[in-house]
2 protein chains.
Amino acid sequence: MKPTIYDVAKEAKVSIATVSKVINKTGSISDPTRKKVNKVIQRLNYKPNVVASALTKKQTDSLALIIPDISNPFFSEISRFIEDKAHEMGLTLFICSTDYNEEKEKRYIELLQSKQADGFIIASGFQNIHLVEEFHQNNIPVTLLAQDNLTESFNVVSVDDYRGGFLAINHLISLGHQNIAVIAEKVHSSTLRLHAYRDLLGMHGMPVSEENVIRTTASIQNGEKAMLGLLQKEDRPTAVFAANDILAVGALKAARSLGLEVPKDISVIGFDNMILSTTTVPELTTVAQPIKDMADKIVDVLIRQIKMPHLATERTLFVPELIVRESTAQPPKHLKN
Amino acid sequence: MKPTIYDVAKEAKVSIATVSKVINKTGSISDPTRKKVNKVIQRLNYKPNVVASALTKKQTDSLALIIPDISNPFFSEISRFIEDKAHEMGLTLFICSTDYNEEKEKRYIELLQSKQADGFIIASGFQNIHLVEEFHQNNIPVTLLAQDNLTESFNVVSVDDYRGGFLAINHLISLGHQNIAVIAEKVHSSTLRLHAYRDLLGMHGMPVSEENVIRTTASIQNGEKAMLGLLQKEDRPTAVFAANDILAVGALKAARSLGLEVPKDISVIGFDNMILSTTTVPELTTVAQPIKDMADKIVDVLIRQIKMPHLATERTLFVPELIVRESTAQPPKHLKN
DNA sequence: GTGAAAGCGCTAACAC
DNA sequence: GTGTTAGCGCTTTCAC
């Protein structure tokens, strides 16, 4: 049997309260007894049972991170930073992948409530926002990651999507592109990036053709498919803004499969700056999210909310950054006006 | 306050024992009372507190997965399958990234023991195997993933690394390559892949030059560096076997940076078949691990061990598969003998 | 078919 | 500085 606090107390000839105090460094304990107790703990290889302490303290020191898919590099990269920060703060992390599926969202959220997670981080791509609203009613701390929800007042940590879209399109326009298409996801963040697209085109007196905006789900294949559609149009765009790097990678593949050279024949810009964007040929020009800063911030915000539930809601927008690599250039000469 | 089993019992005018029985579908409960209780559970939105039940049952229904780095696509992909399988079996997963760091390994293992994880999956790349041996002594169920440890008898699920190396090198040799280099990791699985390399070269009467085997840690940069070294040699290899796709991607980048064309000037083959290997140009020829099968199997094995601790140890080797894509071809003519 | 009660391993209030 | 004790919310005998 694993040793319990009773075993330690008996061996050290003190009470369990004393043992508890030396473990948690609470109360005041004389130096000799502390040493004595610690020695016994060592000798018995005693590990406090935190499920018992969680039951008494009514807090598990664990956080739930709900993402669409941990095998998607964007999410695995940011999860890693969140994990590090959480551990640094003494918390463990449950990570669950929901596949954009409302069933799974519901199941995981119930499960993690049962597991008494102290707080929840809901990443972008979460479908059923009603589920999250329930948290609010039940006073369960939640913070949204890169998911700007306007209807309810949640704590949010996100990148400034509009600004990011602006950066991307502005880069393309300043290179001289006049016919720019966009491949976006069907999520809110993509919508904001799209707004920047429309606004900027408008500002430059460029017409927005609805044929030039494709909405899809993030996957390399979908990026490929979307790009193929775009490239088969008569009035083919000279530049494509993919709302994330996964889609951009698909776009790159599609262009290549049609014998088109990027960026000579067509420019492609992504969003996210994940590892993928440096392994393509050409390397991807993209808009970087400061995911480490975002990860740190979101854990801080969530912890604050756990400790002080009635604090004002907080929305932190991080500034994205344009990373120019190889996949964007001036449009082909014969198409320039 | 969250409702407890007492609240449900009171509302339903039954005892907490009865409520417990309907929740867990144990004992025998009459249809009417079950319905009555369920209705109250519904109405109160009652969620059983599993930390309390974990305390009584002495089992948390959770597994620990210890990997080097969740942001490494190989691990995130396999983690995803393990997560799915675990959830299918009614278990939650703690995922921890240790960065090949013994300090972190120790910290996480202690933490997860405190959290009373029912079993541990230790992935390849784990440094301090002594830590794992302690599990054995303490009768804590462990299964190794893709880490074949010879000294102790652990349950192991792995790919047949030797066979994988064989497949890769054999492919290269049958294309006509005579001067083959290898970039391997400093882990056991890589060593096995290396054995295949040496054996196969020997079988074909090809000398093994130690200059042609580089050992490093998995990262794109290290792959790049290793490849650069290889390419600067006078007697430059015509083909390189990278012991995983991450290294192979680095190798591809290095070749490209030197103006070499893959596979025309030099062939590159990887190992793992992760998503990265389809986004490179050229797409990577590689050896695929059946990671879904491995994930399913490892969860099964671990659960079996949790339920029946004294079962014989089991080592399952999965058969890898050669995936020929674009990065391998015959060696340049002028170099062929 | 249902309930009373003991106990899982711990924390925290309180007494000494 | 240290110990006693009452829970935390649940499962599981064992009566009835």
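FYI, side chains are in, hydrogens and waters are out, and symmetry mates aren't considered; it's all heavy atoms of this structure. Below, read A as the first sequence line, B as the second, and so on, with proteins coming before strands; counting in each chain starts at 1. All values reported here derive from a predicted model rather than from experimental measurement.
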**Q** Return the set of residues passing side-chain contact (heavy atoms from CB on, under 4.5 Å) with B:Glu103 (not counting sequence neighbours), or none when no residue passes.
**A** B:Asn101
**Q** Among residues two or more places apart or on two chains, list those pairs meeting ring-ring contact (aromatic ring centres under 6.0 Å, His included) that have a residue in residues 57-98 of chain B.
**A** A:Phe94-B:Phe94, A:Tyr108-B:His87
**Q** Please identify which of these residues, B:Ile121, B:Val159, B:Val156, meets the side-chain contact (heavy atoms from CB on, under 4.5 Å) condition with B:Leu145.
**A** B:Ile121
**Q** Applying side-chain contact (heavy atoms from CB on, under 4.5 Å), name anything that partners A:Asn155, two or more places apart in sequence or on another chain.
**A** A:Thr143, A:Val301, A:Gln305, A:Thr313, A:Glu314
**Q** With sequence neighbours excluded, what pairs up with B:Lys57 under the side-chain contact (heavy atoms from CB on, under 4.5 Å) test?
**A** B:Ser53, B:Asp61
**Q** Can you list the residues that meet the side-chain hydrogen bond (donor to acceptor under 3.5 Å, both in side chains) rule with B:His130, with sequence neighbours excluded?
**A** B:Glu133
**Q** Checking A:Lys58 now: which residues fulfil side-chain contact (heavy atoms from CB on, under 4.5 Å) with it, not counting sequence neighbours?
**A** B:Met1
**Q** Walking along DNA chain C from 5' to 3', note the first and the last nucleotide with an atom under 4.0 Å from a heavy atom of chain B, and give both.
**A** C:dG1 to C:dG9
**Q** Treating primed atoms plus P, OP1 and OP2 as sugar-phosphate and everything else as base, which nucleotides of nucleotides 5-16 of chain D get B, S or - for protein heavy atoms under 4.0 Å?
**A** --BBBBBB----
**Q** Would you mind writing out the side-chain donor-acceptor pairs for residues 62-71 of chain B within the sub-3.5 Å range, not counting sequence neighbours?
**A**
from	atom 1	to	atom 2	distance (Å)
B:Ser62	OG	B:Thr60	OG1	2.9
B:Asp69	OD1	A:Arg80	NE	2.9
B:Asp69	OD1	B:Ser71	N	2.9
B:Asp69	OD1	B:Ser71	OG	2.9
B:Asp69	OD2	B:Ser71	OG	3.0

**Q** Between the axis at one end of the helix from C:dG1-D:dC16 to C:dC16-D:dG1 and the axis at the other (five pairs apiece), what's the angle to 10 degrees?
**A** 40°
**Q** Just checking A:Ser28: base, sugar-phosphate only, or nothing, at a heavy-atom cut-off of under 4.0 Å?
**A** base
**Q** Under the side-chain hydrogen bond (donor to acceptor under 3.5 Å, both in side chains) test, which residues partner B:Glu105, sequence neighbours left out?
**A** none
**Q** For B:Phe120, enumerate each residue passing the ring pair (Phe, Tyr, Trp, His ring centres under 6.0 Å) test, keeping only those at least two apart in sequence or located in another chain.
**A** B:Phe135
